[in-house]
Structure formats: structure tokens, C-alpha cells
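Below is one structure; the comments refer to it alone.
Every number for a ligand or one of its atoms is a count from 1 in the order of the listing.
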Amino acid sequence: MALRPVTTIPKSCPSLEFTRMNNLSRGSTILFSTDDFFAEAENLLKDTEAEWKEGVYVPEGKWMDGWETRRKRISGHDFCIIKLECPSVIYGFECDTSFFTGNFTPCVSIQAARLSPSEENLIPPRKGVRGQAASAEDMKKVERINSQKWTTLVAKTRLGAGYSDTCHNYMGVENREIWTHVRLNYFPDGGVARLRIFGRVEKSIQEILSKRPDQTGFIDLLAMKNGGYCIGLSDAHYGHPRNLILEGKTRNLSDGWETARKLQRPETLAEDDNGNLDLYGFEWAAFRLGVPGSVYRVDVDTATFKGNYPYACKVEGCFVNQNDDEEIQGNIAGIGAGFDQCENSPWRSLLNMTMLEPDKNHTFDGSSLQKIGPISHIRVTIFPDGGLAKLRIWGVPSLLWES
Ligand SMILES: NC(=O)NC(NC(N)=O)C(=O)[O-]
């Protein structure tokens, strides 16, 4: 069956907000917390939405899905230290207080540091057990980290209670330095359900090349762990496109990018006399590659998308000189998305519109890919809607060509 594109007016690019970026809490670890009395700090980093369990109590009190400390009866305040999986630039945070209504932390501040392994070793081994608090001795050890190492990214800020309209508590960050650790300070105590750390991994090209997983010598130029991140999208109703660039196997639909069904779609689908199916729209997501390079293979994986895989997809690339300029990225992300080619669009087709199958990794290389030279950004468009599990852009960093 042939594909017959219909023209749809491209949606405008959503504003370039930090919440579109990777959630760096995935893969991060709690190294220390002053107090885990009601619920352990590890809950802050879970990649699932916070839950409420009506009527469930544990020996310490009400079961809560977050990090909740006891009501302080001594001086001081609670804090925890988080180790990021990779050195990263942080663009913003979300302190999600879901379900903490009478016990949320009234104020937080957030700091970050770039700690050497010997500085990290000053932090005592974590126990992380509900009902316990750090000993005075462990507190002293942590305080040996020079306080000058901690840069305040978010000054003391009041939080909203954990009701659906006030729980999000988004906080932007201007500083673009590279960090290895984050410190969340509660003033003075209480609970937060999730701390989402939005940003991008920053690794040297040498480090990226030293971990080439693929026999062919290609690296995934787009992978989150190599520095790729989302710069714009049309829809993320059930799953965010940042999931496409995560490492590892897809467990279920929540690990992928999934859009809503198109509510304005026709009541019945029709084929014309030549057997062409009328499509009725598209959705797109654009990314900056972690490393600019030439692409040799593209994997489009629909794993676990069985009744909701897209009918077809296409992949485009472009090369932008100032490839980390946030304003430029915001401007190019949605240009000419869908079927239309705008005159001023920098995007070139890498993989022309191709039909997809359910629950399958599709590999495209050789003559299925257009030769468009080195690129710094990638955009995937799906027709008309649905979801993808993973997108892998295998290639050779352009720096290799230059040296
Ligand atoms: N009902 C409560 O939530 N009480 C306490 N918290 C827990 N988790 O029991 C508290 O005082 O913050």
C-alpha cells in the first residue's frame, strides 16, 4: 500500500522549556541523607509518578511515596546528597510534592558541586533505612566537604502543597556549569515526592569514544548518556520523547514516546482508487545530538507498541553551527514539520517516510538512508500518531573526520 501524504498545518514549536530535557534523576543515586524517618530519600529519584495508598500505615507512620523526614525537635535542617550518573549541565528542577498535603517541606534550596572521587569519599556509606537518621559522627564526616564546593542553583524557595494544581514546583537554573552532585536542602523538615533534575549529560569526546558498544565502531550520537537531548516536540501525552534516547531495554509503553490519539481524526479511514491510505496528521520530536557526526545506521524501535505503533515515520537531520545556542534550537525545532517543506527549513531527509510494524526494531542503513553529511540535530516524525520505544542514531563523530 502506498503512502499519500496530506498537508497539515505545522503546529508551532512549544517554548523551549527545561522540562523537555532529560530527567537526570534516572540513574542518579542517593549518597547521604540526614533523616529517612517516614520514607527513604531514594523515593525522590523513582521514574514512576508518586502514589497514594489510602489507609496504608508502616510502623513509623503513614506510608508515603517520597522522601519524608521526622518533625524536627532539634536545631538544624534536613538535606540529602545525590550523585548524578554522569557529569551534567542542569537546566532546572521539579520538586513534586504530590500527596504531601500537611507534611510537605515548606522551603527548599538546591545546590550542586563538582566533587572529585576523594571528596566524594568523605561521604559515609549510605544506610538508607526507613526509621533512621544519620549519626552525629556521619554528619561530621559530610561537613568535611568544603562548603565552598556547593554552588546554590535555587535559592530558598517556598513549595506548594501536594494537590494536583500546586504540587509541581518548577525551578529554572541559569548557571550552565558541569556538575557531578546535587544537594537538596529542606527548611526545616518534611517531605517531597519526587525531585526531577532536568538537563543534559556533558562528556568529553574521548570518554564517549572509549565506550563504543557497537562492533561496527559506530556510536549512538543521540543517546542521553552521550549528551543528546530533546529540543522540541509536538505532543507528549502518554510518554515524553526523551524516553527514546534512554539506555536499556523497553519494559512497557511508559519507557517510550507516546502521543494522544488525534481527536479530530476522521470517523472512518479511507483508501483512494489506487489503494493509498489517507493520513490525517503527524507528530514530531526534535533533538540535539550529543556529538555532531555522520550517520550510518538508524534504529527505529516500536517494542511494546502493538496497537498504537505509528503507521509510518520519517527521520530528518540538520547541521547548525552554533549547535548549543538555545534560542536557535528553539527556532529550528518545528520548522517545516510534517509533510511540508518550508523554504527556510534547515532539515534534510535522512530516512524518507517509511511504514512501520508493531513491536519491532527497524534497522535502516546503506541505501535506505540519504547522504546528508554531518549533522548536529535530528527530528523524527510519526504519521499520524502513536508511539516509539527507542530511536538510535549510529554514526561517526565529525571530529574524527577533521583530525
Ligand atoms: N499523617 C501524617 O502524614 N503524619 C506524619 N507523616 C507520616 N508519614 O506519617 C507527619 O507528621 O508528617
Side-chain angles (χ1 to χ4, degrees), residues 23-83 93-111 123-140 142-143 150 152-171 181-198 254:
N23 178 7
L24 302 172
S25 299
R26 281 184 90 125
S28 294
T29 39
I30 302 284
L31 294 187
F32 180 83
S33 95
T34 49
D35 184 336
D36 295 281
F37 191 83
F38 285 115
E40 305 90 329
E42 277 71 12
N43 292 329
L44 285 173
L45 308 178
K46 284 193 204 160
D47 60 13
T48 50
E49 294 295 320
E51 280 181 86
W52 171 258
K53 290 188 183 171
E54 187 60 39
V56 176
Y57 290 82
V58 290
E60 293 75 22
K62 173 74 189 76
W63 181 90
M64 293 298 294
D65 192 5
W67 174 39
E68 188 186 354
T69 68
R70 74 192 76 198
R71 299 187 191 205
K72 271 206 171 310
R73 303 297 186 234
I74 50 170
S75 61
H77 70 92
D78 287 311
F79 65 90
C80 71
I81 298 176
I82 297 159
K83 181 182 181 164
F93 297 95
E94 180 188 0
C95 268
D96 174 357
T97 55
S98 287
F99 308 116
F100 286 84
T101 53
N103 50 356
F104 64 98
T105 303
C107 270
V108 296
S109 76
I110 308 178
Q111 296 168 295
I123 303 171
R126 168 126 178 101
K127 292 185 197 78
V129 179
R130 193 177 61 218
Q132 293 200 353
S135 65
E137 198 188 328
D138 282 355
M139 291 290 288
K140 265 199 204 123
V142 169
E143 274 150 23
W150 293 105
T152 299
L153 298 186
V154 176
K156 241 187 218 184
T157 304
R158 277 212 163 270
L159 295 187
Y163 301 105
S164 57
D165 54 338
T166 51
C167 67
H168 290 296
N169 301 295
Y170 291 116
M171 300 155 186
H181 294 72
V182 168
R183 177 174 154 148
L184 172 64
N185 299 297
Y186 281 1
F187 296 105
D189 55 25
V192 168
R194 298 283 184 268
L195 176 69
R196 300 194 176 91
I197 307 169
F198 295 103
S254 74

Asp78 bridged to Arg70 by N-O distance under 4.0 Å: no
Which heavy atom of Ala41 sits nearest a heavy atom of Asp36, and at what distance? N-OD1, 2.9 Å
What pairs meet the ring pair (Phe, Tyr, Trp, His ring centres under 6.0 Å) rule with one or both residues in residues 57-80, with sequence neighbours excluded? Phe32-Phe79, Trp67-Tyr186, His77-Phe187
Protein residues near ligand 1, heavy-atom distance below 4.0 Å? Phe38, Gly61, Lys62, Met64, Glu68, Arg71, Asn103
Cut-off 3.5 Å, no hydrogens considered: what does the side-chain donor-acceptor table look like for residues 160-168, sequence neighbours left out?
residue, atom, partner, partner atom, Å
Thr166, OG1, Ala161, O, 2.7
Thr166, OG1, Tyr163, O, 3.4
His168, ND1, Glu94, OE2, 2.7

Are more than 12 heavy atoms, taken from residues, nucleotides or ligands other than Lys46, located less than 6.0 Å from that residue's NZ atom? yes
Contacts of type side chain to side chain donor-acceptor pair (under 3.5 Å), residue Ser254, not counting sequence neighbours: Asn252
